[in-house]
Colleague: 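Dumping the structure here so I can ask a few things about it.
Just so it is clear, the values below take in all heavy atoms, side chains as well, and ignore hydrogens, waters and symmetry mates. The structure presented is a predicted model; accordingly, all values stated were derived computationally and were not measured. Throughout, residue positions are numbered sequentially from 1 according to the sequence presented.
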Amino acid sequence: MKFTTRSRYATRMLLDIAMNEEDGPVSIKDVAMRQEISIKYLEKLMRDLKKEGYLNSILGAKGGYHLARNPSQIRLGELVQALEKTEPCYGCDEQHSCCPRIHVCLTRTMWEEASKAMYQKLNQFSLADLIRDTSLCPKNQPDSVPSRA
């Protein structure tokens with residue numbers, strides 16, 4: 001299964017904000033620089049995340065973004081589901097049928113269960129869990145070479 005850049009970048013952005021908001025609101029420019037993501041792309045994600053209740057913003061010269069919830073309350077499965085609204089990862093259900101065989105498909109149940117299991121696993125992790133595990137980041141390992149996601 002492949003997640004879109006929306007989910008991957010949004011997770012990185014929320015993690016960046018969580019780790020840097022102790023000194024006040026975090027600017028989109030700073031997130032873009034640290035995460036090597038375009039400001040325009042982040043602006044769109046921030047609007048979506050604000051609408052979904054993950055971010056709040058403060059206007060003005062010293063404004064920026066901060067989390068709307070405690071990092072321990074942001075479950076990664078819920079975040080991915082909020083951002084990947086187009087269709088389920090297995091590609092067919094009653095609302096998003098992409099196949100004329102949806103009602104007689106012998107593999108549909110397996111794909112539904114696999115999708116549910118994936119989201120259940122992702123929901124076992126919160127943003128706070130990722131913050132605690134920053135030591136696992138490849139850049140924090142000896143002799144590591146940074147990679148781009």
Side-chain angles (χ1 to χ4, degrees), residues 1-22 25-28 30-57 64-149:
M1 290 180 203
K2 184 175 180 177
F3 294 108
T4 67
T5 55
R6 287 175 52 78
S7 293
R8 291 181 294 135
Y9 287 4
T11 303
R12 286 172 44 194
M13 178 177 52
L14 289 177
L15 186 57
D16 185 285
I17 291 170
M19 294 175 69
N20 291 288
E21 69 180 353
E22 66 222 18
V26 179
S27 79
I28 194 169
D30 290 342
V31 174
M33 182 186 65
R34 284 189 295 265
Q35 296 300 318
E36 298 178 349
I37 302 171
S38 80
I39 291 175
K40 290 222 181 267
Y41 197 84
L42 288 180
E43 286 172 341
K44 181 173 180 358
L45 278 177
M46 287 184 170
R47 278 192 304 272
D48 294 344
L49 290 170
K50 195 173 169 188
K51 186 169 66 174
E52 292 291 336
Y54 289 99
L55 287 175
N56 286 325
S57 61
Y65 291 85
H66 62 92
L67 297 180
R69 305 183 215 169
N70 185 294
S72 65
Q73 296 174 330
I74 298 176
R75 295 279 156 200
L76 300 184
E78 293 170 4
L79 174 64
V80 170
Q81 283 181 308
L83 294 169
E84 305 288 340
K85 291 182 176 182
T86 54
E87 59 184 58
C89 64
Y90 56 90
C92 63
D93 69 358
E94 297 294 331
Q95 297 171 351
H96 303 94
S97 179
C98 60
C99 176
R101 298 182 45 79
I102 190 169
H103 297 293
V104 295
C105 180
L106 298 175
T107 61
R108 180 175 162 210
T109 301
M110 176 199 57
W111 296 122
E112 287 175 344
E113 289 181 18
S115 179
K116 287 176 188 171
M118 179 193 63
Y119 285 115
Q120 285 173 344
K121 185 62 174 179
L122 285 172
N123 276 327
Q124 290 178 358
F125 298 95
S126 70
L127 211 56
D129 295 326
L130 296 180
I131 292 167
R132 277 192 295 278
D133 288 343
T134 56
S135 64
L136 299 176
C137 180
K139 78 170 191 150
N140 295 328
Q141 302 297 317
D143 301 302
S144 69
V145 176
S147 65
R148 290 190 162 214

Colleague: OH/Y54 to CD/Q73 distance, rounded to the nearest 0.5 angstrom?
Modeller: 11.0 Å

Colleague: Decide side chain to side chain contact (heavy atoms under 4.5 Å, CB included) for N20 and R34; before the verdict, give the C-alpha distance in whole Å, the side-chain angles of both, and the deciding distance to 0.1 Å.
Modeller: CA-CA 11 Å; N20 291 288; R34 284 189 295 265; 3.5 Å; yes

Colleague: With the side chain counted from C-beta on, respond yes when M13 and M46 share a heavy-atom pair under 4.5 Å apart, and no when they do not.
Modeller: yes

Colleague: Report the distance from atom CG of L79 to atom CG of L127, rounding to the nearest 0.5 Å.
Modeller: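 Going from CG on L79 over to CG on L127, the span is 8.0 Å.
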
Colleague: Do L55 and I17 come close enough that some side-chain heavy atom pair is under 4.5 Å?
Modeller: yes

Colleague: Could you check if a side-chain atom of V26 sits within less than 4.5 angstrom of a side-chain atom of M19, using non-hydrogen atoms only?
Modeller: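 With C-beta onward as the side chain, the pair stays apart.
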
Colleague: Got a donor-acceptor contact below 3.5 angstrom from the S115 side chain to the W111 backbone?
Modeller: no

Colleague: Assess whether a salt bridge exists between R12 and D16, defined as any Lys/Arg side-chain N lying under 4.0 Å from an Asp/Glu carboxylate O.
Modeller: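 A salt bridge is absent here (no side-chain N lies under 4.0 Å from a carboxylate O).
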
Colleague: To the closest 0.5 Å, what do you measure between CD (Q35) and CD1 (I28)?
Modeller: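 Here the interatomic distance stands at 12.5 Å.
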
Colleague: Return the minimal non-hydrogen interatomic distance between G53 and R69, and the atom names on each side.
Modeller: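 Nearest pair, atom of G53 first, then R69: O-NE, 3.4 Å.
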
Colleague: Which atoms form the tightest heavy-atom contact between P71 and A18, and what is the distance?
Modeller: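 Minimum heavy-atom separation between P71 and A18: CG-CB, 4.3 Å.
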
Colleague: Evaluate the side-chain proximity of I37 to V31: yes if any heavy-atom separation is below 4.5 Å, no if none is.
Modeller: no

Colleague: How about N123 and L76: do any of their side-chain heavy atoms sit closer than 4.5 Å?
Modeller: no

Colleague: Working to the nearest 0.5 angstrom, can you tell me the gap between F125 CZ and L130 CG?
Modeller: 8.0 Å

Colleague: S57 and K50: which non-hydrogen atoms are nearest, and at how many Å?
Modeller: OG-NZ, 2.7 Å

Colleague: Within a strict 4.5 Å, meaning less than it, do heavy atoms of the P25 and Y65 side chains meet?
Modeller: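 Heavy-atom side-chain distance check fails, nothing below 4.5 Å.
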
Colleague: If you take all heavy atoms of S126 and S72, which pair is closest and at what distance?
Modeller: CB-O, 3.6 Å

Colleague: Determine whether R6 and L45 make a side-chain contact, defined as any pair of heavy atoms from C-beta on separated by less than 4.5 Å.
Modeller: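 With C-beta onward as the side chain, the pair touches.
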
Colleague: K116: which residues meet the side chain to side chain contact (heavy atoms under 4.5 Å, CB included) condition with it, sequence neighbours left out?
Modeller: none

Colleague: Ignoring hydrogens, what is the shortest heavy-atom contact between Y119 and G77? Give both atom names and the distance.
Modeller: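 Minimum heavy-atom contact is CD2-O, 3.7 Å.
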
Colleague: Do T5 and Y41 come close enough that some side-chain heavy atom pair is under 4.5 Å?
Modeller: yes

Colleague: Under 3.5 Å, is there a donor-acceptor pair between the side chain of E52 and the main chain of L83?
Modeller: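 Here the side-chain-to-backbone pair does not exist.
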
Colleague: In Å, rounded to the nearest 0.5 Å, how long is the span from CG of N56 to CG of L49?
Modeller: 11.5 Å

